[in-house]
Amino acid sequence: MVLQREFFQRDTVIVAKDLLGKKLIRKIGNRKCSGIIIETEAYRASDDPASHAGIRKTKRNRIMFEQIGRAYVYFTYGMYHCLNVVARNKKFNAGAVLIRGIYPQLGIDIMSKLRNNTKIQNLTNGPGKLTQALDITLQENGDDLTKYSSLYITNGIKIKKIHKKPRIGISRGTDKEWNFSIDPTDYF
DNA sequence: GACACGATTGGCT
DNA sequence: GCCAATCGTGTCC
């Protein structure tokens with residue numbers, strides 16, 4: 001069952017936690033690739049100095065201010081893409097959840113080729129890695145993830161324990177513990 | 001118009 | 001553990 005729009009109409013931090021264990025699905029040609037979401041981070045609005053949306057709406061971050069349930073994809077470090085899902089409640093005018101890691105399920109052969117045949121444990125365990133494995137680029141920026149199409153999220157597995165940490169790779173907003181993850185060895 | 005830097009990764013020490 | 005790769009974007013002059 002694909003996640004409905006209402007799922008994303010809650011506090012960005014809550015949605016980040018609740019996305020753990022859900023299934024990310026990407027169709028490439030007539031094949032399906034998928035994985036269980038195991039790590040996420042919340043990035044909110046003007047209350048969050050680490051967020052792209054922390055200052056104002058710009059050309060790059062505009063999707064974060066638009067319809068919830070859509071993909072916010074950005075290009076970084078001159079070579080990698082990162083995938084977010086737009087989510088926020090009515091208190092904020094922007095927000096998104098960064099998908100930082102998935103546990104591969106379907107289409108491992110396709111993903112391996114896109115990742116130059118790396119080891120399975122290195123396939124999709126990072127934000128730049130999973131977009132490469134799933135062929136996600138700026139082409140997918142703004143795509144609606146609540147519809148069955150070439151990129152969407154469905155219900156997944158039941159979660160036991162959620163780990164909470166400060167977010168990775170940021171220099172501001174380090175006081176907020178908005179990185180959430182589950183331990184794959186608990187499930188797979 | 002210029003310039004510093006980043007929600008990263010992989011390779012080397 | 002450290003650092004280069006690589007370039008679009010945002011901010012500042």
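Below, chain A is the first sequence line, B the second, and so on; all start at residue 1. Values below: all heavy atoms of this structure, side chains included; hydrogens, waters and symmetry mates excluded.
- Heavy-atom neighbours of Arg172(A) CZ from other residues, nucleotides or ligands within 6.0 Å: at or below the threshold of 12.
- To the nearest 0.5 angstrom, Glu41(A) atom CD is 8.5 Å from Lys165(A) atom NZ.
- Applying a 4.0 Å cut-off to non-hydrogen atoms, the residues of residues 165-173 of chain A that approach DNA chain B are Ile168(A), Gly169(A), Ile170(A), listed by residue number.
- Asn179(A) and Glu39(A) share a side-chain donor-acceptor pair at under 3.5 Å.
- Contact record, Ala42(A) with Asp48(A): O-OD2, 4.1 Å, taken as the closest heavy-atom pair.
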In residues 115-129 of chain A, what donor-acceptor pairs under 3.5 Å come from side-chain atoms, sequence neighbours left out?
{"residue": "Arg115(A)", "atom": "NE", "partner": "Leu123(A)", "partner atom": "O", "Å": "3.0"}
{"residue": "Arg115(A)", "atom": "NH1", "partner": "Gln132(A)", "partner atom": "OE1", "Å": "2.7"}
{"residue": "Arg115(A)", "atom": "NH2", "partner": "Asn122(A)", "partner atom": "O", "Å": "2.8"}
{"residue": "Thr124(A)", "atom": "OG1", "partner": "Ile102(A)", "partner atom": "O", "Å": "2.7"}
{"residue": "Asn125(A)", "atom": "OD1", "partner": "Lys129(A)", "partner atom": "NZ", "Å": "3.0"}
{"residue": "Asn125(A)", "atom": "ND2", "partner": "Gln121(A)", "partner atom": "O", "Å": "3.2"}

B/S/- contact track for nucleotides 4-13 of chain C, protein heavy atom under 4.0 Å
-BBBSSSS--
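- A cation-pi arrangement is absent between Arg5(A) and Phe7(A) under the rule of less than 6.0 angstrom and at most 45 degrees off the ring axis.
- Distance Asn84(A) CG to dG6(B) P: 17 Å, rounded to the nearest Å.
- Counting heavy-atom neighbours within 6.0 Å of Lys158(A) NZ, excluding the residue itself, gives a total of 12 or less.
- Residue pairs meeting the ring pair (Phe, Tyr, Trp, His ring centres under 6.0 Å) criterion with at least one member in residues 156-188 of chain A, sequence neighbours excluded, are Tyr103(A)-Phe188(A).
- For the segment residues 37-48 of chain A, residues with any heavy atom less than 4.0 angstrom from an atom of DNA chain B are, sorted by number, Tyr43(A).
- The shortest side-chain heavy-atom distance between Arg31(A) and Asp109(A) falls under the 4.5 Å cut-off.
- Remark: DNA chain C forms stems of 3 or more consecutive Watson-Crick or G-U wobble pairs, all pair distances under 3.5 Å, at B:1-6 with C:7-12, B:8-12 with C:1-5.
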